[in-house]
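Each chain gets a letter, A, B and so on, in the order its sequence line appears, and its residues count up from 1. Only heavy atoms go into these numbers, but all of them, side chains included; no hydrogens, no water, no symmetry mates.
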Amino acid sequence: MQNWKRTVYCGDLNKDNISETVVLTGWVDTRRDHGGLIFIDLRDRTGIVQVVISPDTVPEAFSKAEGVRSEYVLAVTGNVGKRPEGSENPNINTGDVEIITSELKVLNRAKTTPISIEDNINADENIRLRYRYLDLRRPEMQKNLMLRHRASKIIRDFLDVNNFLEIETPMLTRSTPEGARDYLVPSRLHTGNFYALPQSPQIFKQLLMVSGVDRYFQIVRCFRDEDLRSDRQPEFTQVDLEMSFVDEDDIMSLMEKMIARLCSETIDVQVDQPFQRLSYYEAMERYGSDKPDTRFGMELVDIGDIAEKCEFKVFNSVTSGGGKVKGIKAPGCASFSRKEIDDLTEFAAIYKARGLAYFIVTESGVKSPIAKFFKEDEINILLERFEAGPGDLLLFVADKPKIVYSALGALRLHLAEMLDLIPYNKYNFLWVSDFPLLEYDEEERRWVAMHHPFTSPREEDIELLESDPGKVRARAYDLVFNGVEAGGGSVRIHNRDVQEKMFSAIGLSEEEAREKFGFMLDAFDYGTPPHGGIAFGLDRLLMLLAGKKTIRDVIPFPKTQSGTDLMMSSPGSVDPAQLQELHIKIAGKNSKNKTRV
RNA sequence: GGAGCUGUGGUGUAGCGGUUAACACGCCGGCCUGUCACGCCGGAGAUCGCGAGUUCGAUUCUCGUCAGCUCCGCCA
């Protein structure tokens with residue numbers, strides 16, 4: 001009686017195993033049938049190993065092997081043999097050995113798969129998502145799953161050693177004002193009332209500090225019902241933590257150690273500490289972004305002073321109206337055609353820039369429709385400031401600061417990508433800090449918290465909360481990783497008076513504050529330690545560590561851009577009886593009740 | 001809510017106002033005892049996302065629609 005229990009993983013075999021008898025299980029990666037000899041590459045999550053089946057020695061196994069096809073599930077018993085001289089395969093880890101089959105069992109058959117199980121396939125994401133279980137069978141996706149596991153484990157171990165307690169917080173919680181749109185869950189026991197899924201465990205972790213937990217963490221799913229992007233999913237995972245009796249430097253320096261360890265132990269990259277720090281204002285001025293990609297230069301250059309004096313009306317009217325005029329140098333792009341420059345203008349228009357002025361720098365001077373508005377010395381100062389020489393192209397945007405930043409910031413990234421100026425082997429981390437506590441929301445016509453309403457203002461700015469809210473600086477910091485916001489946190493308000501002032505600054509009435517956050521204000525009355533914390537987007541960290549362009553590649557079962565799951569067809573309709581039980585009626589004729597097949 | 005790109009055998013692509021819709025991989029059958037992108041021979045497989053319009057004729061042009069992706073808005 002043959003025992004078919006696996007004794008070893010395919011990818012773990014090497015010279016040391018030679019002459020061992022092993023039992024392997026796995027999927028048929030490829031089958032090479034030479035008529036008189038069959039090779040099967042057997043694959044499991046560790047890799048592949050070549051299995052040889054000879055008709056002379058094992059005719060029964062051979063005839064079974066003839067019927068085997070790709071992705072069949074097999075168990076193979078055999079001897080680990082050294083490959084014949086010259087037939088080693090240096091391309092695979094197990095290439096020195098092969099399995100001389102003695103017995104073979106087909107555990108299951110497989111239809112031809114809609115996508116092939118190999119790396120570098122170019123299949124439509126549509127199909128990959130519909131057959132996600134097959135997509136995940138591909139080695140690169142398996143690698144991502146393993147990376148995810150490794151990363152969580154490294155983080156968990158690091159935080160454990162540093163005295164953090166892993167504590168779970170509720171998933172059924174309540175909707176609070178501010179922030180993203182909530183996912184709601186109807187309450188059956190309380191007709192007409194709803195739970196909300198957490199956008200983050202923010203309030204709970206602060207209350208845990210009140211409880212004396214001192215250091216908390218959680219690797220936790222969060223939910224935000226907003227539109228999706230390549231780095232945004234409706235449910236995503238945060239590495240969430242909070243510490244008592246610390247200031248921002250304590251948090252940042254500990255987190256730098258954690259991130260550095262994560263990088264070294266997952267992708268063997270050593271990152272320098274301390275991380276670079278940049279103020280929000282400096283980040284916006286130099287990169288046009290609060291999450292600058294600092295792997296390359298191409299910084300924005302301010303020419304407000306020259307614009308102010310020049311004859312070009314568009315420029316000087318902007319400066320006199322409180323706007324900004326800034327530019328960027330596209331190195332070696334003087335040869336751009338009219339069409340290419342038009343395309344850049346169109347690109348800038350996405351960010352509401354009304355125009356894109358340009359200077360083409362040549363040996364014989366500057367060519368530009370607006371050059372005539374500038375004096376020669378103004379042009380020279382300008383070229384010097386950009387360190388521009390013949391062959392370069394200068395691009396300018398004049399507008400409200402916000403538009404100048406976002407248009408040029410995006411243009412900077414766009415050009416860098418176009419010109420292949422981004423060193424993809426670099427891993428740059430930086431902290432952006434000194435954010436404004438509040439920003440004015442034109443639509444709602446009120447101040448809103450830039451981070452969240454529990455972020456502490458700087459001590460010396462507290463008095464400005466009432467007089468000049470826009471000037472108040474927050475004790476907040478974001479971790480930026482290769483131009484992606486990978487995390488953010490702050491020192492929190494731990495004082496009832498300040499918290500009430502904050503609520504009032506964002507236009508939350510006393511009644512509302514009491515109704516929505518009364519429990520929190522109450523908690524602050526019972527001895528709340530100073531505390532602060534941070535949360536990282538685990539999916540984004542993994543995306544960057546894995547060198548992927550979207551977090552979907554590091555999420556086992558992600559949603560499409562329209563928030564659907566193509567594999568299980570969610571969201572889906574529910575039985576009317578379920579709705580009735582919840583006292584819910586679907587209003588409106590446009591209610592979608594279709595089920596995808 | 002908006003903009004752009006994409007949609008052709010199982011997969012990835014080519015193509016064009018009239019084609020027998022082409023190619024590669026895969027698949028099926030045959031041959032093959034050292035391959036590993038195995039090789040050789042043969043074969044099957046596509047109402048060109050869906051709907052309407054223009055046209056003698058639409059996979060091709062136009063409009064709409066659906067789906068996927070990228071982005072703006074949104075995302076404390």
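- Both A:L129 and A:E118 lie close to RNA chain B; mapped to their nearest nucleotides by heavy-atom distance, the more 5′-ward contact belongs to A:E118.
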Show me the donor-acceptor pairs, under 3.5 Å and distance only, between side chains in residues 195-208 of chain A and residues at least two apart or in other chains.
residue: A:Q199; atom: OE1; partner: A:A180; partner atom: N; Å: 3.1
residue: A:Q199; atom: NE2; partner: A:A180; partner atom: O; Å: 2.7
residue: A:Q199; atom: NE2; partner: A:D182; partner atom: OD1; Å: 2.7
residue: A:S200; atom: OG; partner: A:Q202; partner atom: N; Å: 3.3
residue: A:Q202; atom: OE1; partner: A:H452; partner atom: NE2; Å: 3.4
residue: A:Q202; atom: NE2; partner: A:Q206; partner atom: OE1; Å: 2.9
residue: A:Q202; atom: NE2; partner: A:H452; partner atom: NE2; Å: 3.4
residue: A:K205; atom: NZ; partner: A:D240; partner atom: OD1; Å: 2.6
residue: A:K205; atom: NZ; partner: A:L241; partner atom: O; Å: 3.1
residue: A:K205; atom: NZ; partner: A:E242; partner atom: OE1; Å: 3.3
residue: A:Q206; atom: NE2; partner: A:H531; partner atom: NE2; Å: 3.1

Report task. At under 4.0 Å between heavy atoms, which parts of nucleotides 31-37 of chain B does protein reach? Answer with one letter per nucleotide, 5' to 3': B base, S sugar-phosphate only, - none. Result -> -BBBBB-
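- Residue A:D227 is classed as a base contact, given a heavy-atom separation below 4.0 Å to a base.
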Atom pairs, protein N/O to nucleotides 43-46 of chain B N/O, distance under 3.5 Å:
none

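- Between the side chain of A:R229 and the base of B:rG73, a donor-acceptor pair under 3.5 Å is found.
- The number of heavy-atom neighbours closer than 6.0 Å to CG of A:N93, taken from other residues, nucleotides and ligands shown, is 12 or below.
- Dashed line: the shortest gap from a side-chain N or O of A:T550 to OP1 or OP2 of B:rC69 is not under 4.0 Å.
- Proximity of A:R232 to the phosphate of B:rC74: no side-chain N or O atom is located under 4.0 Å from OP1 or OP2.
- Interface remark: the A:R224 side chain does not form any donor-acceptor pair with the B:rC75 base, using a distance-only criterion of under 3.5 Å.
- Within the nucleic acid shown, A:F454 has no heavy atom closer than 4.0 Å to any nucleic acid atom.
- For A:T560, the side-chain atoms get nearest to B:rG68 when compared with the rest of B:rG73, B:rC28, B:rG68.
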List the atom pairs, donor and acceptor, that lie under 3.5 Å between side-chain atoms in residues 478-488 of chain A and the rest of the protein, sequence neighbours left out.
residue: A:N482; atom: OD1; partner: A:N428; partner atom: N; Å: 2.7
residue: A:N482; atom: ND2; partner: A:K426; partner atom: O; Å: 3.1

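- Rounding to the nearest 0.5 angstrom, the gap separating the OH atom in A:Y287 from the CG atom in A:D293 is 9.5 Å.
- Atom CZ of A:R45 is surrounded by 12 or fewer heavy atoms from other residues, nucleotides or ligands within 6.0 Å.
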Would you tabulate the pairs of protein nitrogen or oxygen atoms and nucleotide nitrogen or oxygen atoms of nucleotides 5-11 of chain B closer than 3.5 angstrom?
residue: B:rG10; atom: O2'; partner: A:P114; partner atom: O; Å: 3.2
residue: B:rU11; atom: O4'; partner: A:P114; partner atom: O; Å: 3.4

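- Taking side-chain N and O atoms only, A:S230 has a distance below 4.0 Å to OP1 or OP2 of B:rC71.
- Phosphate contact (OP1/OP2 of B:rC69, side-chain N/O of A:S562, threshold under 4.0 Å): absent.
- Base pairing of B:rU35: no nucleotide in any strand meets the Watson-Crick or G-U wobble criterion (both distances under 3.5 Å).
- Between A:R181 and the phosphate of B:rG73, there is no side-chain N or O to OP1/OP2 separation shorter than 4.0 Å.
- Taking the six-membered ring where tryptophan is involved, the planes of A:F435 and A:Y280 are tilted, since the angle between them lies from 30° to 60°.
- The same atom, C1', is picked in B:rG9 and in B:rU54; the two are 29 Å apart, to the nearest Å.
- Here CD1 of A:I551 is found 4.5 Å from CG of A:D539. Values are rounded to the nearest 0.5 Å.
- B:rC48 and B:rC36 have their P atoms separated by 40 Å, given to the nearest Å.
- Sorted pairs that involve residues 53-65 of chain A and meet side-chain hydrogen bond (donor to acceptor under 3.5 Å, both in side chains), not counting sequence neighbours, are lacking altogether.
- In this structure, A:R552 reaches the sugar-phosphate backbone alone: every heavy-atom distance under 4.0 Å involves primed, P, OP1 or OP2 atoms, never a base.
- Base pairing annotation: B:rG12 forms a Watson-Crick or G-U wobble pair with B:rC23, both donor-acceptor distances under 3.5 Å.
- Exactly one residue among A:V73, A:L74, A:V28 makes a side-chain contact (heavy atoms from CB on, under 4.5 Å) with A:V106. That residue is A:L74.
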